[in-house]
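To start, the structure under review is shown below, and the notes come after it.
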Amino acid sequence: MKKTRLREYARLIVRCGVNVQKDQEVMIYADLDQPEFVKMVVEEAYKAKAKKVVVEWNYQPLQKLHVRYQSVKTLGAVEPWQEARQEHFCQVLPARIHLESSDPDGLKGINMEKVTKARQMSYPILKPYRDRRENRDQWCIAAVPGEAWAKKVFPGMRTSLAVEKLWEAILDTARVTDDPVKAWEEHNADLAKRCDYLNSLKIRSLHYTAENGTDLTVGMMDEGCWRGGRDTSLQGIAFNANIPTEECFISPKKGMAEGVVYSTKPLSYRGQLIDNFSIRFENGKAVEAKAETGEELLNAMISMDEGAAYLGECALVPQKSPICESGILFYNTLFDENAACHLALGMGYADTIQDYQNKTLEQCREMGLNDSMIHEDFMIGCDSMNIDATCADGKVVPIFRNGNWAF
Ligand code: ZN
Ligand code: ZN
């Protein structure tokens with residue numbers, strides 16, 4: 001890939017993605033796949049006047065070794081210095097950049113029970129720090145190709161060619177055009193307009209149906225608010241949390257989901273694939289989950305904690321989105337979630353509640369915002385998907401017809 005285009009992409013992540021502020025600290029989380037690109041991002045962050053940029057490298061094979069050889073107690077422990085670091089993050093609110101490139105099934109065979117137990121140990125200690133940062137910091141998830149990932153997306157292709165193809169797909173869907181910043185301005189404005197319309201309807205529930213058997217009704221909070229594209233932190237800094245993004249989304253009301261929903265794309269959860277699955281909901285709770293691939297993993301995910309069985313997000317993405325039209329199955333949620341309507345199990349987003357700036361997280365949760373240690377998107381959109389909204393005034397309004405916006 002041409003260096004100039006990569007440089008544009010790095011700049012886009014720093015300026016449009018997290019919008020690094022003068023004297024701000026920046027944390028970058030990356031795998032070992034594209035060190036040259038990570039260097040570009042670091043340089044762009046310094047050019048945006050970042051005070052300090054720290055890169056934390058990840059390497060899946062090491063993750064596997066740690067899980068294999070450490071005891072659950074060691075894996076799940078949070079050392080005092082790690083807590084001190086969390087405290088530092090809460091104090092200085094660094095901009096967080098996550099650069100994804102890992103192998104979608106790179107952690108296959110890992111002992112999930114051990115991972116789950118360790119996570120259940122560390123989570124209660126880390127959660128208060130996460131809650132304190134919620135909506136206050138800027139963050140952005142973007143992607144770069146890894147070799148194993150590229151081979152999964154383009155099987156049968158020479159590795160170098162597959163990586164090049166994946167770069168192209170990533171940069172095209174991320175709108176790295178001649179003027180990416182302008183392209184993102186227009187895209188953000190378009191998503192904002194759609195959200196304004198959805199908010200004007202005062203939707204109380206959504207009814208999803210599709211030819212694959214999906215028939216699900218999900219209730220909304222009275223105070224719910226659709227969001228899409230650009231976000232603004234409580235410090236008043238605009239940022240784009242996902243590059244790419246095509247969704248208008250909302251957090252539904254906990255306890256109000258009835259019916260069954262079928263997946264339409266595989267889900268890579270913690271480095272392992274779950275595919276061809278369905279989930280049945282009663283009183284908002286996932287009570288039955290079946291999968292052709294990864295059923296055990298799916299059920300482990302749903303039982304991570306109490307909130308993992310409840311929905312945290314309803315997102316609308318038309319089949320006519322650039323990612324869907326590329327026809328590429330990415331095996332990566334960042335892309336696949338932006339190619340299809342999706343739901344998420346687990347934590348809901350407080351910023352999808354009106355006037356959340358003046359509410360505490362506890363108040364948001366009392367209104368029906370779900371809380372969990374997980375937030376996992378799974379894709380349900382397809383060409384035959386219809387969605388109808390029941391509004392506060394009792395009117396039923398078509399939102400989606402045959403997989404695309406009905407308005
Ligand atoms: Zn989403
Ligand atoms: Zn999500």
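Quantities reported herein were computed from a predicted structural model and do not represent experimental measurements. Start at 1 and go down the list; that is how both ligands and their atoms are numbered.
Salt-bridge check for E44 with R7: passed, with a basic side-chain N closer than 4.0 Å to an acidic carboxylate O.
At a cut-off of 2.8 Å, E313 is counted among the residues with an N, O or S atom near the Zn ion (ligand 1). For a distance bound of 2.8 Å, the N, O or S atoms of H342 include none lying that close to the Zn ion (ligand 2).
Listed for the N242 side chain is no donor-acceptor partner under 3.5 Å among the backbone atoms of P244.
In E337, the N, O or S atom that comes nearest to the Zn ion (ligand 1) is OE1. Nearest N, O or S atom of E247 to the Zn ion (ligand 1): atom OE1.
Here the two rings, on Y197 and W405, have centers that are 6.0 Å apart or farther.
Computed with the Zn ion (ligand 2) at the centre, the H375 NE2 to D377 OD2 angle is 130°, stated to 10 degrees.
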### Message
Test side-chain hydrogen bond (donor to acceptor under 3.5 Å, both in side chains) on Q60 and D31; report intermediate values, then the result.
### Response
CA-CA 8 Å; Q60 280 179 317; D31 287 72; 5.7 Å; no
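Checked by atom type, the side-chain pair Q235/Q21 shows no donor-acceptor distance below 3.5 Å.
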